[in-house]
Amino acid sequence: MSGVERAVQARLFEMQDLSYREFHRKLMPTVPPDKVIGVRTPQLRAFAKEFAKTPEAAEFLSILPHRYYEENNLHGFLIESIRDYDAAVAALDAFLPYVDNWATCDLMRPRVFKKHLAELLGEIRRWMASDAPYTVRFGIEMLMTFYLDEAFRPEYLDWVAHVRGGEYYVDMMIAWFFATALAKQYDAALPYIREGRLEPWTHNKAIQKALESYRVTDEHKSCLRQLRRRLPKGGTTEEQ
């Protein structure tokens, strides 16, 4: 173990909250319990902001895989702070194969991406075509984060609808994407629900999330309630 790893782990354990650790472990069934230290996100973000200013941060980013869940989250926060677009993409390509849970995946929203939306689309297509489920999830999340407002184009809905499903955390992100699209681009997204273009479980989960959203109008919710599909037996997995 390098000196940087030892120093980082020591700092993380200084911030440990055992009651939070027990609570948070239950939210991430894919992460072994002994890999969770128990550091609250605001504290970890504050540490990442401080750590990013040091030369040791670059060395930490070069060390993979990490042992602890919080080290992975720190890694993700450091990537968010990278100001060079190409460097951010390269750092993600190195890190995404090691992401093993939805929480680490979903916390990364590199700020530099907002200035490079045209170039980012190619990377998103590449990530969405990956065999690694959390890389696929990340690609869909980037499309949801940056391209459902002014940069929206209807074909983006098709990209997500054609993602190979069957992996729970990918299907959940597809549902989340379409629920957000129903809130922001209702007329374009509705045909995917009305015509049953998504898998039944994902279809129903997208409707559920849309119904829970304050951004979807009551009129639209009334329509969506009528479009739920009957699931095959055993197709009622609940969200983790």
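Under the 4.5 Å side-chain criterion, counting only non-hydrogen atoms from C-beta, Pro200 is not in contact with Arg230. Leu92 places a side-chain heavy atom less than 4.5 Å from the side chain of Met108. Taking the side chain as every heavy atom from C-beta outward, Phe47 and Val39 never approach each other to under 4.5 Å. At a threshold of 4.5 Å between non-hydrogen side-chain atoms, the residues His220 and Leu182 do not count as touching. Side chains of Ile124 and Tyr156 form no contact here, defined as non-hydrogen atoms less than 4.5 Å apart. Taking the side chain as every heavy atom from C-beta outward, Phe113 and Val89 approach each other to under 4.5 Å.
Remark: Phe13 engages Tyr68 in a ring pair (Phe, Tyr, Trp, His ring centres under 6.0 Å) (not counting sequence neighbours). Remark: Thr202 pairs with no residue by the side-chain hydrogen bond (donor to acceptor under 3.5 Å, both in side chains) rule, at least two apart or across chains. Partners of Ser62 according to the side-chain hydrogen bond (donor to acceptor under 3.5 Å, both in side chains) rule, which considers only residues two or more places apart in sequence or in another chain, do not exist here. For Glu14, the side-chain hydrogen bond (donor to acceptor under 3.5 Å, both in side chains) criterion is met by no residue, not counting sequence neighbours. For Arg197, the side-chain hydrogen bond (donor to acceptor under 3.5 Å, both in side chains) partners are Glu195, not counting sequence neighbours. Listed by chain and number, the residues in a side chain to side chain contact (heavy atoms under 4.5 Å, CB included) with Asn204 are Arg228, Arg229, Leu231 (sequence neighbours excluded). For Ala151, the side chain to side chain contact (heavy atoms under 4.5 Å, CB included) partners at least two apart in sequence or on another chain are Leu117, Tyr147. Legend: residues meeting ring pair (Phe, Tyr, Trp, His ring centres under 6.0 Å) with Phe138, ordered by chain and number and at least two apart, are Trp127.
For the side chain to side chain donor-acceptor pair (under 3.5 Å) condition, the pairs that include at least one residue of residues 173-191, sequence neighbours left out, are Asp149-Lys184. Residues in residues 47-62 take part in these salt bridge (charged side-chain N to carboxylate O under 4.0 Å, His left out) pairs, two or more places apart or across chains: Arg11-Glu50. Evaluation of the salt bridge (charged side-chain N to carboxylate O under 4.0 Å, His left out) test over residues 91-110, restricted to residues two or more places apart or in two chains, returns Asp93-Arg126, Asp106-Arg137, Arg109-Glu141. For the salt bridge (charged side-chain N to carboxylate O under 4.0 Å, His left out) condition, the pairs that include at least one residue of residues 71-87, sequence neighbours left out, are Arg45-Glu80.
For the atom pair CG (Asp17) and CD1 (Ile37), the distance works out to 12.5 Å, reported to the nearest 0.5 Å. With rounding to the nearest 0.5 Å, the separation of CG in Asn73 from CD in Glu70 is 6.5 Å. For the atom pair CD of Gln9 and CG of Leu74, the computed distance is 11.0 Å after rounding to the nearest 0.5 Å. Atom-to-atom distance recorded for Leu18:CG and Arg21:CZ is 5.0 Å, nearest 0.5 angstrom. Residue Cys223 holds its SG atom at 9.0 Å from CD1 of Ile207, rounded to the nearest 0.5 Å. Going from atom CD1 of Ile174 over to atom OH of Tyr192 covers 13.0 Å, rounded to the nearest 0.5 Å.
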Steps toward side chain to side chain contact (heavy atoms under 4.5 Å, CB included) verdict (Tyr169, Met173) = CA-CA 6 Å; Tyr169 289 100; Met173 182 55 72; over 6 Å; no
Would you check, one step at a time, whether the test side chain to side chain contact (heavy atoms under 4.5 Å, CB included) holds for Leu27 with Asn101?
-> CA-CA 10 Å; Leu27 301 179; Asn101 68 89; over 6 Å; no
Please report the C-alpha distance between Arg164 and Asp131 in whole Å, then the side-chain angles of each, then the deciding distance to 0.1 Å, and finally whether the salt bridge (charged side-chain N to carboxylate O under 4.0 Å, His left out) criterion is met.
-> CA-CA 10 Å; Arg164 183 174 66 252; Asp131 291 328; 3.5 Å; yes
Checking side chain to side chain contact (heavy atoms under 4.5 Å, CB included) for the pair Leu143/Leu121: CA distance, chi angles, key distance, verdict?
-> CA-CA 8 Å; Leu143 200 62; Leu121 284 171; 4.1 Å; yes
Would Phe178 and Met144 satisfy side chain to side chain contact (heavy atoms under 4.5 Å, CB included), going step by step from the backbone distance to the final call?
-> CA-CA 9 Å; Phe178 272 95; Met144 180 178 72; over 6 Å; no
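Side-chain polar atoms of Tyr98 and His75 form no donor-acceptor pair below 3.5 angstrom.
Closest approach of Leu224 to Ala210, counting heavy atoms only: CD1-CB, 3.8 Å. Nearest heavy atom pair, residue His203 against residue Leu227, reads NE2-O, 2.6 Å. Ile82 and Ala88 make their closest contact through CG2-N, 3.7 Å (heavy atoms, listed as atom of the first residue, atom of the second, distance). In plain terms, the two heavy atoms of Pro110 and Phe146 that are nearest each other are O-CZ, 3.9 Å. Considering all non-hydrogen atoms of both residues, Gly139 and Met128 come closest at C-CG, 3.9 Å. The two atoms that bring Ala103 and Met28 nearest to each other are CB-SD, 4.1 Å, heavy atoms only.
Residue Leu64 is grouped with residue Leu61 when hydrophobic side chains (ILVMFWY) are merged at heavy-atom distances under 4.5 angstrom, including chains of intermediate members.
With a 6.0 Å radius and a threshold of 12 heavy atoms from other residues, nucleotides or ligands, Glu199 has its CD atom at or below the threshold. Annotation for Glu219: atom CD does not count as buried by contact number, only 12 or fewer foreign heavy atoms lying within 6.0 Å.
Of the possible donor and acceptor atoms, none in the side chain of Lys209 sits under 3.5 Å from a partner among the backbone N and O of Phe177. Lys35 places no side-chain N or O within 3.5 Å of a backbone atom of Tyr69 that could act as its donor or acceptor partner.
Classified by interplanar angle (parallel below 30°, tilted 30° to 60°, perpendicular above 60°), the ring pair Tyr20/Phe23 is tilted.
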